[in-house]
Amino acid sequence: TPEEARRIYGGMAKELAGAGINLNFGPVVDLSLNPWNGVIARRKRSYGPDAATVTSLARSFIAAHREANVATVAKHFPGHGSSWSDSHKSLPDISRSWQESELEPYVALAHDGLLDMVMVGHLYHPRFSDGEELPSSLSANAIKALRAEGYIGFGGVVVSDDMEMGAVRDHYSLEDRVVRALNAGVDLLVFSNVKSRNTDLGVKLHEIIATAVRDGRIPRARIEAAYERIAALKRRLMAHDLAGRG
């Protein structure tokens, strides 16, 4: 039940906060539409196939974390639950399997002011892509859909899925991934560093971004907009006001 979920997640959130962690990369709001899906359904990462149930339990997750002043990330936009492949390994083409209902949790949570951050997945659907087989995580059309007024209208921080996953790593260079994602409208890039094991990865990424801004491949305004969204979220955390009442 939502009440049970809030109690369980309340314990999780307090444990995170007690360890000095103020961000949890959850909840998963994917709908479990494909029971053979190896990355969502079979790993039991989804609350189920029904958008109302998923939304209700995600609300409990987010509310419990906000009580402990821990920000949350709804994922994986526009929806990984109908896919037949795993974006950790390859790029899932959800063109035929994806359903409009997969956006419903984002719409409802945004309407309730419960979205702190949204993670864009490495998924291909022409509606959320800038070109043939280009993942949503590297496509401005995906971010535009997420931010569209009158529908989802999300104005907060957009974060990428792990930029080392096979869906993007096997097809785009490190520099290409970074430049494409930032220009698409991603505000925060995630690198697990599991594959590269590079102790200088942070320095390298900074160098790639700074150089791309200097030579005009990434507009300075794009960096400033991303910074402001991240800074606004940090201000809410510092004020213990994730609900934005202040």
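This is a predicted model, so every value here is computed, not measured.
- Residue G79 comes nearest to I94 through the heavy atom pair O-CD1, 3.6 Å, listed as atom of the first residue, atom of the second, then distance.
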Quick one: do L189 and V178 satisfy side chain to side chain contact (heavy atoms under 4.5 Å, CB included)? Show the steps, please. CA-CA 8 Å; L189 300 173; V178 169; 3.9 Å; yes

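- Aromatic rings from F128 and F77 are positioned such that their centres are separated by under 6.0 Å.
- Cluster annotation: M163 and M165 are assigned to distinct hydrophobic clusters (Ile/Leu/Val/Met/Phe/Trp/Tyr, side-chain heavy-atom contacts under 4.5 Å, transitive).
- Between the side chain of D161 and the main chain of V120, no donor-acceptor pair closer than 3.5 Å is present.
- Nearest heavy-atom pair across P105 and V54 is CG-CG1, 4.1 Å.
- Although no hydrogens or angles enter the test, the distance criterion places no donor-acceptor pair under 3.5 Å between the side chain of H80 and the main chain of H76.
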Do D200 and K204 pass the salt bridge (charged side-chain N to carboxylate O under 4.0 Å, His left out) test, and can you show the C-alpha distance, the side-chain angles, and the key distance before you say yes or no? CA-CA 6 Å; D200 294 321; K204 177 64 176 176; over 6 Å; no

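- I40 and F25 fall into different hydrophobic clusters, where Ile, Leu, Val, Met, Phe, Trp and Tyr are joined by side-chain heavy atoms under 4.5 Å apart, directly or via other members.
- Just one residue in the list L188, T72, V158 forms a side chain to side chain contact (heavy atoms under 4.5 Å, CB included) with M117, and that residue is L188.
- Clustering ILVMFWY residues whenever any of their side-chain heavy atoms sit less than 4.5 angstrom apart, transitively, puts V157 in a cluster other than the one holding L115.
- A donor-acceptor pair under 3.5 Å is absent between the side-chain atoms of S90 and the main chain of A167, judged by distance alone.
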Take D241 and R235, measure what salt bridge (charged side-chain N to carboxylate O under 4.0 Å, His left out) needs, and give me the verdict at the end. CA-CA 8 Å; D241 186 29; R235 287 193 293 269; over 6 Å; no

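- Judged purely by atom type and a 3.5 angstrom limit, N24 has no side-chain atom pairing as donor or acceptor with the backbone of H65.
- Checked by atom type, the side-chain pair D176/S173 shows no donor-acceptor distance below 3.5 Å.
- The 12-atom threshold is exceeded at OH of Y151, counting heavy atoms of other residues, nucleotides or ligands nearer than 6.0 Å.
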Evaluate the side chain to side chain contact (heavy atoms under 4.5 Å, CB included) criterion for residues L182 and I209: first the C-alpha distance (whole Å), next the side-chain angles of each, then the deciding distance (0.1 Å), finally the verdict. CA-CA 9 Å; L182 290 176; I209 295 168; 3.7 Å; yes

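- Distance alone, capped at 3.5 Å, is enough to place a donor-acceptor pair between the S136 side chain and the L123 backbone.
- The shortest non-hydrogen separation linking V194 to E164 is N-OE1, 3.0 Å.
- Of all heavy-atom pairs spanning P135 and V168, the tightest one is CG-CG1, 3.9 Å.
- A donor-acceptor pair under 3.5 Å is formed between the side chain of S46 and the backbone N or O of G48.
- Contact between V159 and V186 at its shortest, heavy atoms only, is C-CG1, 4.1 Å.
- S95 and H125 are not linked by any side-chain donor-acceptor pair at a separation below 3.5 angstrom, with hydrogens and angles left out of the test.
- Each of I62 and V73 belongs to its own hydrophobic cluster when Ile, Leu, Val, Met, Phe, Trp and Tyr are linked at side-chain heavy-atom distances under 4.5 angstrom.
- Checking N34, D93, N37 one by one against S83, the side chain to side chain donor-acceptor pair (under 3.5 Å) holds for a single residue, N37.
- Across every non-hydrogen atom of R43 and D86, the tightest pair is NH2-OD2, 3.9 Å.
- The side chain to side chain donor-acceptor pair (under 3.5 Å) test with S82 is passed by exactly one of S101, S97, S32: S97.
- For S160 (side chain) and V190 (main-chain N/O), a donor-acceptor pair under 3.5 Å exists by modelled atom type.
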